[in-house]
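Down below is the structure, laid out as structure tokens.
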Amino acid sequence: MELTLTRPDDWHLHLRDGNLLAAVAPFSATYYGRAIVMPNLRPPITTTAAAVAYRDSILKVLPSNSEFDPLMTLYLTDTTTPNEIKLARESGVVYAVKLYPAGATTNSQDGVTDLFGKCLPVLQEMAEQNMPLLVHGEVTDPDVDIFDREMLFIETVLRPLLQKLPQLKVVMEHITTADAVKFVETCDEGTVAATVTPQHLVLNRNSLFQGGLQPHNYCLPVLKREIHRQALVSAVTSGSKKYFLGTDSAPHERWKKECSCGCAGIFNSPVALSLYAKVFEEANALDKLEAFTSFNGPDFYGLPRNTSKIKLLKEPWKVPECISFPFGEIVPMFAGQMLDWKTSS
């Protein structure tokens, strides 16, 4: 079997910087036309000038014939100004602003501490500029169970925010629960959308512990119960335009995952399209795969769909145990396992 798809885009991607950027960027550039690039570096990308410089760094490590277009984002802080949003829109390279509640995930220590008290003028300007807000949808109160943080974020932050600013475009990044699906379904199409990762579609929280602790399956938001995984699969394979591909591929060197306090993040760029195809095939929904991978994202962002094509072949292949670089190793998702779908660029 062979599928020909309009070239997909990745609407949630971590490319890191330095040696790690040079190592992982070509994987995404091989398969995707564009990617929304996350700004949680050290220091974070909080200004348009920094976003432009980061974009230049990405382009420098790509193959000379690459047409991959990194779409930049700003890291929202308590001190972001409305004028910075205007500069971002005028730049032509910044396409969204990312909300990290302070302490929610990797390099989020500079994130927002008081969204309504300190960021409302910025959010109002974003609505005026039609600049989407991308949310890491978890509360960070240490008294809240980690498996309930997405649900509580929806009720205490996101729903009140949209009541205050109903014209603000929002993408719920990497949704993980049936609660998030239910919320997205209640929102108007074109106003609120969600990205869904391959890991949250094929793994549940048992995958963290089966056969011993599995650090390479640890990500944030953390994997949830099987009922939530099933809800995500039903949502993305339904044909709804509110969901689109966002891998949240988040590479870390092997030693930073396999240690006493391992980092959160799954490097899935080499396998993501194979896994999405697996999910849609098992749901008898391969006819809806192209819309999820290639149409819904650009339509929401108001961008043209890609014109080039990519092929998926029903051909077994083995994922490498690890990928080696001069500075170390990265372990990809499903390392050493066989997958049924192979991507041909």
Side-chain angles (χ1 to χ4, degrees), residues 1-15 24-38 58 62-63 65-73 95-96 132 134 171 173-175 193-202 232-233 235-251 266-283 285-315 317 319 332-334 339-345:
M1 189 188 301
E2 179 179 298
L3 292 176
T4 300
L5 304 177
T6 300
R7 185 171 296 276
D9 300 303
D10 188 345
W11 298 97
H12 185 145
L13 177 64
H14 296 270
L15 287 177
V24 303
F27 285 93
S28 294
T30 297
Y31 306 123
Y32 301 101
R34 296 165 290 203
I36 284 281
V37 180
M38 292 296 104
I58 296 168
L62 297 178
N65 61 345
S66 176
E67 297 181 358
F68 179 72
D69 186 10
L71 310 179
M72 309 313 294
T73 60
Y95 287 83
L134 316 182
V171 179
E173 300 284 15
H174 46 45
I175 61 170
T195 59
V196 188
T197 75
Q199 53 265 31
H200 292 108
L201 289 172
V202 300
L232 296 181
V233 170
V236 302
T237 60
S238 69
S240 170
K241 296 180 180 179
K242 295 179 178 180
Y243 306 96
F244 39 87
L245 184 158
T247 65
D248 192 21
S249 185
I266 294 176
F267 179 52
N268 62 37
S269 289
V271 301
L273 289 175
S274 302
L275 294 175
Y276 285 125
K278 166 187 167 69
V279 168
F280 278 75
E281 181 184 32
E282 291 177 350
L286 279 174
D287 59 318
K288 298 181 176 68
L289 178 62
E290 186 176 37
F292 174 78
T293 62
S294 313
F295 298 160
N296 298 346
D299 291 355
F300 181 85
Y301 276 84
L303 296 171
R305 297 174 179 178
N306 294 322
T307 55
S308 61
K309 303 292 183 180
I310 193 170
K311 289 183 179 180
L312 289 173
L313 310 176
K314 189 69 179 294
E315 180 181 315
W317 65 287
V319 182
M333 185 180 180
F334 276 39
L339 296 181
D340 290 336
W341 287 93
K342 188 173 185 178
T343 310
S344 173
S345 59

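With a 6.0 Å radius and a threshold of 12 heavy atoms from other residues, nucleotides or ligands, Lys241 has its NZ atom at or below the threshold.
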Under the criterion side-chain contact (heavy atoms from CB on, under 4.5 Å), I'd like the reasoning laid out for Leu245 against Tyr276: C-alpha separation, chi angles, the key distance, then a yes or no. CA-CA 9 Å; Leu245 184 158; Tyr276 285 125; 3.4 Å; yes

Using the rule given for side-chain contact (heavy atoms from CB on, under 4.5 Å), can you reason through Thr237 versus Tyr243, listing the C-alpha separation, both sets of side-chain angles and the distance that settles it, and then say yes or no? CA-CA 9 Å; Thr237 60; Tyr243 306 96; over 6 Å; no

Decide side-chain contact (heavy atoms from CB on, under 4.5 Å) for His12 and Leu134; before the verdict, give the C-alpha distance in whole Å, the side-chain angles of both, and the deciding distance to 0.1 Å. CA-CA 9 Å; His12 185 145; Leu134 316 182; over 6 Å; no

Please assess Leu3 against Glu290 for the test side-chain contact (heavy atoms from CB on, under 4.5 Å), listing each intermediate value before the final yes or no. CA-CA 9 Å; Leu3 292 176; Glu290 186 176 37; over 6 Å; no

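The CG atom of Leu312 lies 11.5 Å from the CZ atom of Phe280; values are rounded to the nearest 0.5 Å. Here the CD atom belonging to Glu2 is positioned 4.5 Å from the NZ atom belonging to Lys311, to the nearest 0.5 angstrom. For the atom pair CD1 (Ile266) and CD (Gln199), the distance works out to 4.0 Å, reported to the nearest 0.5 Å. Interatomic distance, Asp248 CG to Met38 CE, rounded to the nearest 0.5 Å: 8.0 Å. Taking NZ of Lys314 as the start and CG of Asp340 as the end, the distance is 5.5 Å to the nearest 0.5 Å. In this structure, Asp69 CG and Leu62 CG are separated by 10.0 Å, a value rounded to the nearest 0.5 Å.
A donor-acceptor contact shorter than 3.5 Å links the side chain of Ser249 to the backbone of Asn268. Side-chain N or O atoms of Ser28 include none that pairs as donor or acceptor with a backbone N or O of Ala25 at under 3.5 Å.
Residues that satisfy the side chain to side chain contact (heavy atoms under 4.5 Å, CB included) test with Pro63, not counting sequence neighbours, are Asn65, Ser66. Not counting sequence neighbours, Glu67 has no partner by the salt bridge (Lys or Arg N to Asp or Glu O under 4.0 Å) test.
In this structure, the side chains of Ile36 and Thr195 stay at 4.5 Å or more apart for every pair of heavy atoms. You'll find the side chain of Lys242 stays beyond 4.5 Å of the side chain of Asn296, heavy atoms only. Under the 4.5 Å side-chain criterion, counting only non-hydrogen atoms from C-beta, Tyr32 is not in contact with Asn306. Here the side chains of Val271 and Trp317 are in contact, with some heavy-atom distance below 4.5 Å. Side-chain contact between Pro70 and Leu13: absent, with no pair of heavy atoms (C-beta onward) separated by less than 4.5 Å. Put simply, the side chain of Pro298 reaches to within 4.5 Å of the side chain of Trp11, judged on heavy atoms. Met72 has its side chain within reach of Ile58: a pair of non-hydrogen atoms, C-beta onward, lies under 4.5 Å apart.
Nearest heavy atoms, Phe267 versus Pro251: CD1-CB, 3.7 Å. When all heavy atoms of Pro132 and Tyr95 are compared, the closest pair comes out as CD-O, 3.3 Å. Scanning both residues, Arg34 and Phe68, for their nearest heavy atoms gives C-CE1, 3.8 Å. Residues Leu286 and Ala277 come closest through the heavy atom pair CD2-O, 3.8 Å.
Aromatic ring pairs are classed by plane angle as parallel below 30°, tilted from 30° to 60° and perpendicular above 60°; the pair Tyr301 and Phe244 is perpendicular.
Under the side chain to side chain contact (heavy atoms under 4.5 Å, CB included) test applied with Met333, the options Val319, Leu275, Thr197 reduce to a single match, Leu275.
Looking at Lys309 and Thr6, their side chains do bring a donor and an acceptor atom within 3.5 Å of each other.
Note on Asp9 versus Arg305: no salt bridge recorded, every NZ/NE/NH1/NH2 to OD/OE distance being 4.0 Å or above.
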